[in-house]
Amino acid sequence: MPKSPRRPPQLRGRIFRGSAAISRGLLTRNDLRSSAWRPLFRDVYADAQLTITHRTRCLAVGRWLTPPGTAIAGLSAAALYGVGTVPPDQPIDALVPAGSPAGTSGGRPSGRPESTRASPRRGPMAGLRVHHGEMVPADVVDRAGILVTSPARTCWDVARWLDVVEAVVVIDGLLARRLTDVAALREYALARAGRRGWRSLLRGADLADAGAESPQESRARVRLVLAGLPRPQTQYVVAEAGRFIARLDLAWPEFKVAVEYDGLWHDDPEQFHRDRRRLNRLLGGDWIVLHLTARRLRDDFAGFVAEVRAALRSRGLRGHA
């Protein structure tokens, strides 16, 4: 009969250093290889019965894997603010103050004033990206026991590390939660004029909109603007004689053209089509409403842009390529 793996009560439900457990005589190296324990990073283990979340892994990174003053950054920081989600097995971004030793994280040699995008690590360190960069005290906040880059610094980093569309998705989410605002982001960027990324943050702030209600709406809006179309209004309310008619995801009210993003949120296809018909009936013939699906956003966005441009031109748009 197979022997049950050792599970000392001191380690149940906990994350711990494997080397510390061995030195205390709680486990052996063979014990750590058993199904009772789950390796998270090099020498960091968790009780296999513990639910591992992104926040759990961020705590482990901050406690055991990086030098003092390190902050969770980028998409990982945004997720801790409630913007987007990072699955438990996806990479965590850690921002190490310039001049700090690489530490057990195995990061690049210190001394670089600004980092470039770090590559995900392999083996026991899979899922950790280490960046080195200059930070001031205001760039770091304590969020429920985890050091995280401030909302403004998070926007700065994603503007440098991601393409402009994905960066704006994050910035939109932080704006929507009122964790920062466009004026503050512009001020943050201008105070760092000349440093790598300040123009990227200005561009991201100019394209951002707190009215976006989903990442896909943000992607659609930014890509339409980058394609040369005028900037639409978000969550535009159509009313008649003070009576609510409809709320539109993206709208050009002066031309009465709108875009509705039809994502995968409808579990009932019939309800999806009923809602579409209802919207078209409420708006009547005054508005042109184009419906963008997830598939077209992914596979045929150029064709959709052409349709939106044609609709706008049919209503009098001039001068946009």
I need the [X] [atom1] to [Y] [atom2] distance, nearest 0.5 Å.
X      : Y      : atom1 : atom2 : answer
Arg243 : Ile245 : CZ    : CD1   : 3.5 Å
Asp93  : Arg129 : CG    : CZ    : 4.5 Å
Thr154 : Trp161 : OG1   : CH2   : 8.5 Å
His291 : Tyr261 : NE2   : OH    : 14.0 Å
Leu174 : Leu185 : CG    : CG    : 8.5 Å
Ile72  : Thr149 : CD1   : OG1   : 9.0 Å

Identify, with sequence neighbours excluded, every residue that meets side chain to side chain contact (heavy atoms under 4.5 Å, CB included) alongside [X].
X      : value
Val140 : Ala71, Met135, Leu147
Ser314 : Ile288
Ala79  : His54, Val86

**Complete:** Apart from Val169 itself, members of its ILVMFWY cluster (side-chain separation under 4.5 Å) are none
Is any side-chain heavy atom of [X] closer than 4.5 Å to a side-chain heavy atom of [Y]?
X      : Y      : answer
Leu190 : Leu202 : yes
Glu134 : Arg195 : yes
Trp287 : Val257 : no
Leu226 : Leu207 : yes
Glu260 : Leu290 : no
Leu201 : Arg160 : no
Val259 : Pro232 : no
Gln235 : Leu248 : no

So, using salt bridge (Lys or Arg N to Asp or Glu O under 4.0 Å) as the criterion, who are the partners of [X] when residues are at least two apart?
X      : value
Asp249 : none
Glu307 : Arg296
Arg7   : Asp47

**Request:** Give the C-alpha distance, both sets of side-chain angles, the deciding distance and a yes or no for ring-ring contact (aromatic ring centres under 6.0 Å, His included) between Trp64 and Phe41.
**Result:** CA-CA 10 Å; Trp64 287 301; Phe41 301 98; 9.8 Å; no
How close do [X] and [Y] get, heavy atom to heavy atom, and via which atoms?
X      : Y      : answer
Ser35  : Ala48  : O-CB, 3.3 Å
Gly204 : Val168 : O-CG2, 3.8 Å
Leu95  : Ala73  : CB-CB, 3.8 Å
Ile171 : Cys155 : CG1-SG, 3.8 Å

**Prompt:** Under 3.5 Å, side chain of Arg315 to main-chain N/O of Phe255, donor-acceptor pair present?
**Reply:**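 Checked: pair present.
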**Prompt:** Is it true that a side-chain atom of Thr66 and a backbone atom of Val61 form a donor plus acceptor pair closer than 3.5 Å?
**Reply:**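 The answer is yes, because a donor-acceptor pair under 3.5 Å joins these two groups.
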Show every salt bridge (Lys or Arg N to Asp or Glu O under 4.0 Å) that has at least one partner inside [range], sequence neighbours left out.
range            : value
residues 198-215 : Arg186-Asp206, Glu213-Arg247
residues 20-34   : Arg6-Asp31
residues 214-225 : Glu166-Arg219, Asp172-Arg221

**Request:** Could I get the full list of ring-ring contact (aromatic ring centres under 6.0 Å, His included) partners for Tyr45, not counting sequence neighbours?
**Result:**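 Once residues adjacent in sequence are excluded, Tyr45 has no partner under the ring-ring contact (aromatic ring centres under 6.0 Å, His included) criterion.
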**Prompt:** With sequence neighbours left out, what residues match Tyr188 under ring-ring contact (aromatic ring centres under 6.0 Å, His included)?
**Reply:**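 Tyr188: ring-ring contact (aromatic ring centres under 6.0 Å, His included) contacts with Trp156.
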**Message:** Assess, by modelled atom type and distance only, whether the side chains of Asp262 and Thr293 contain a donor and an acceptor separated by less than 3.5 Å.
**Reply:** no
Path from [X] to [Y] over hydrophobic side-chain contacts below 4.5 Å:
X      : Y      : answer
Val165 : Leu292 : no
Val44  : Leu128 : yes
Val225 : Phe304 : no

**Message:** Can you tell me if Arg298 has over 12 outside heavy atoms packed within less than 6.0 Å of its CZ?
**Reply:**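 Result for CZ/Arg298: enclosed.
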**Derivation and outcome, side chain to side chain contact (heavy atoms under 4.5 Å, CB included), residues Val83 and Leu75** = CA-CA 8 Å; Val83 177; Leu75 292 176; over 6 Å; no
**Aromatic centroids of Tyr236 and Trp252 separated by under 6.0 Å** =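 No; Tyr236 has its ring centre 6.0 Å or more from that of Trp252.
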